[in-house]
Every structure is written in C-alpha cells, then in structure tokens.
Amino acid sequence: MSLEPLRRFVQAASLAVNAGGLAEPPLQLLAWQLRTLLGHDGWLPDELARPHRGCSTYLLYADPVDRFSIVSYVTRPGYRSPVHDTGVWGLYGVLRGRHRLHLHSRAADGRPDSAEQIELLKPGNVTLPDPQRLPMFQIENPDDEAPGIGVHVYGGVLAGLQSHSFDEQGRPQTHVFSYANSWMPNLWTRRGNDDVGESLAPVSWRRMSSV
C-alpha cells in the first residue's frame with residue numbers, strides 16, 4: 001500500500017487553501033484534485049475503510065491550523081444518515097461503492113426543507129454544494145450488499161464542533177462530531193516505507209477554545 005496519492009492531495013490542498021484564504025479556497029480546484037485522488041485505489045488502509053454500526057467517520061488528515069480536514073466516511077449497505085449540518089464548506093466524493101447525497105435548504109424556523117437536490121455519487125464522482133449557503137445534507141448507501149466509502153474534505157476540523165441533526169419529524173438534536181479511529185496515516189514516512197505498520201500516527205486533536 002502506498003500513501004503517495006493521499007500525500008500529494010494533502011500538499012495540493014494546502015497550496016490551494018494558502019492561495020484562496022481561510023474563508024473560501026479555490027474549491028473548484030480542490031474538487032478537481034479530489035477527483036484525481038479518487039482515481040487511485042489502494043491507498044486507504046483497510047482499518048479506515050470498515051463501517052462500524054451504521055457508519056464510521058475516520059480522520060485521514062487535520063490541517064494544523066484548522067483550515068481543512070480530510071475524512072473517510074464508510075457506510076454499511078442500506079444505511080441512511082439523519083439530516084445534519086456541519087457549519088463549514090464541504091466536498092463529497094466516493095472511492096468505492098455508492099452514496100446518495102440529499103441536500104436540504106434551511107426553512108425559516110431552522111428546520112430542513114424537503115430535499116432540493118439529490119445526487120448519486122459513484123467511484124470518482126465529487127460534488128461541491130454551494131459554500132455560501134452551507135446546506136444541510138443526508139447521506140444514504142443505496143446498495144443492498146456493498147459498503148460505501150466516501151472521501152470528504154471539510155473547511156475545518158470537525159472534532160468537537162457542535163452542529164445539529166434532525167429526526168424524521170424535523171426535530172433538532174445537538175450533535176458533536178467525533179472520529180472512529182485512534183490513529184491516522186502518517187504521510188511523512190520516507191517513500192518506499194509506506195506499509196501500514198510504519199504509517200501510523202496517533203489521533204490527538206484537541207480543539208482550542210478562544211480566550
């Protein structure tokens with residue numbers, strides 16, 4: 001297994017964020033770079049591609065100053081997430097299997113309207129919801145047998161952020177993001193040494209509070 005495709009994407013994403021600023025980097029460029037990453041398979045460690053319960057979110061990379069993060073989002077067959085938000089821009093792609101993305105606008109009372117956009121994402125597909133509107137979304141695995149493995153890029157590190165999820169009646173619940181892994185790929189090993197045993201770094205992300 002080689003982490004080189006992921007390493008190259010992290011480097012390209014960092015340059016894009018530097019060029020565009022913190023609020024909104026050149027997201028179309030990032031989307032193209034994510035499609036390039038998804039055109040390669042074999043770089044994602046097996047341990048970060050397994051769903052536990054309905055779904056699992058694994059941290060693949062966290063920018064040191066909280067500008068962006070990369071996760072794998074793994075779902076069991078038939079899984080359907082609640083409608084939820086993140087409060088930051090997001091890019092959504094699929095590495096294996098399929099994910100159906102339901103995008104919802106926000107009603108005047110803060111609850112989700114009916115889905116205004118539904119996209120079926122297959123391997124290599126990437127979608128970029130409007131970063132100005134930050135819509136709420138729901139992710140579904142439409143397959144009966146195959147897990148779905150998405151790769152998402154967010155405009156910040158989600159761990160510890162409070163957001164909202166909504167039940168089928170639209171009632172809100174506070175949701176705090178967390179990750180399923182206790183380690184993440186170490187992208188900075190020397191080339192040629194990218195086996196799983198030498199490519200692990202502990203996940204230790206503590207969100208800094210403002211003074």
Side-chain angles (χ1 to χ4, degrees), residues 1-22 25-27 29-76 86 88-97 99 121 123-126 139 147-161 176-209:
M1 184 194 74
S2 174
L3 293 170
E4 185 63 20
L6 180 58
R7 181 190 291 115
R8 288 197 301 264
F9 177 71
V10 167
Q11 292 169 335
S14 298
L15 291 173
V17 171
N18 287 340
L22 297 180
L27 295 180
L29 175 59
L30 270 178
W32 178 81
Q33 292 165 338
L34 181 56
R35 290 187 191 98
T36 301
L37 173 64
L38 298 175
H40 302 273
D41 204 343
W43 55 266
L44 183 65
D46 290 342
E47 292 87 344
L48 306 183
R50 295 171 181 157
H52 300 286
R53 298 183 297 276
C55 73
S56 297
T57 301
Y58 299 101
L59 180 65
L60 303 181
Y61 180 77
D63 179 71
V65 291
D66 204 8
R67 298 175 301 175
F68 71 96
S69 61
I70 306 166
V71 306
S72 61
Y73 183 81
V74 188
T75 59
R76 288 188 179 276
T86 63
V88 297
W89 57 260
L91 285 166
Y92 304 90
V94 166
L95 180 67
R96 302 173 202 155
H99 278 159
L121 301 178
N125 292 163
V126 173
I139 298 176
I149 302 176
V151 178
H152 301 171
V153 184
Y154 293 107
V157 180
L158 301 185
L161 283 180
V176 179
F177 286 98
S178 62
Y179 301 117
N181 49 324
S182 58
W183 58 268
M184 62 182 177
N186 181 357
L187 302 179
W188 314 121
T189 54
R190 293 291 183 183
R191 289 171 176 79
N193 291 332
D194 282 351
D195 62 33
V196 172
E198 296 180 346
S199 298
L200 309 184
V203 169
S204 179
W205 186 267
R206 180 173 59 87
R207 182 165 298 282
M208 297 177 63
S209 59

- For Pro185 and Leu60, work out which heavy atoms get closest and say how close. CD-O, 4.0 Å
- Within-4.5 Å side-chain heavy-atom neighbours: Ser72 and Leu44: yes
- Measure across Ala12 and Gln33 and return the closest heavy-atom pair with its distance rounded to 0.1 Å. CB-NE2, 3.4 Å
- Message: Does any part of the side chain of Tyr73, heavy atoms only, come nearer than 4.5 Å to the side chain of Cys55, both counted from C-beta?
- Response: yes
Listed pairs under 3.5 Å, donor-acceptor, residues 148-156 side chains, sequence neighbours left out:
| unit_1 | atom_1 | unit_2 | atom_2 | d |
| --- | --- | --- | --- | --- |
| His152 | ND1 | Tyr154 | OH | 3.0 |

- dist Phe9:CZ -> Leu38:CG (nearest 0.5 Å) comes out at 8.0 Å
- Message: Could you check whether any side-chain heavy atom of His99 comes within less than 4.5 Å of a side-chain heavy atom of Thr75, counting everything from C-beta outward?
- Response: yes
- Message: On a heavy-atom basis, which atom in Ser69 and which in Leu158 lie closest, and how many Å separate them?
- Response: OG-N, 4.4 Å
- Item | Shortest non-hydrogen contact from Trp43 toward Ser2 | CB-O, 3.2 Å
- Task: Determine whether Asn125 and Tyr92 make a side-chain contact, defined as any pair of heavy atoms from C-beta on separated by less than 4.5 Å.
- Result: no
- Item | Heavy-atom closest pair, residues Arg96 and Pro123 | CA-CG, 4.1 Å
- Are any of the side-chain heavy atoms of Trp89 and Leu30 separated by less than 4.5 Å? yes
- Item | Any Leu27 side-chain heavy atom under 4.5 Å of Trp32 side chain | no
- Message: Would you say that Tyr179 contacts Ser56 through its side chain, given a criterion of any heavy-atom pair below 4.5 Å between the two side chains?
- Response: no
- From CG (Leu34) to CG (Leu95), nearest 0.5 Å: 9.5 Å
- Query: Backbone N or O of Leu6 within a donor-acceptor pair of the Tyr61 side chain at under 3.5 Å?
  - Reply: no
- Do any N or O atoms from the side chain of Arg7 and from the backbone of Trp188 form a donor-acceptor pair under 3.5 angstrom? no
- Check whether any side-chain heavy atom of Val10 lies under 4.5 Å from a side-chain heavy atom of Ile70, and answer yes or no. yes
- Under 3.5 Å: donor-acceptor pair, side chain of Arg35, backbone of Gly124: no
- Closest heavy-atom contact between Arg8 and His40? NH2-NE2, 3.9 Å
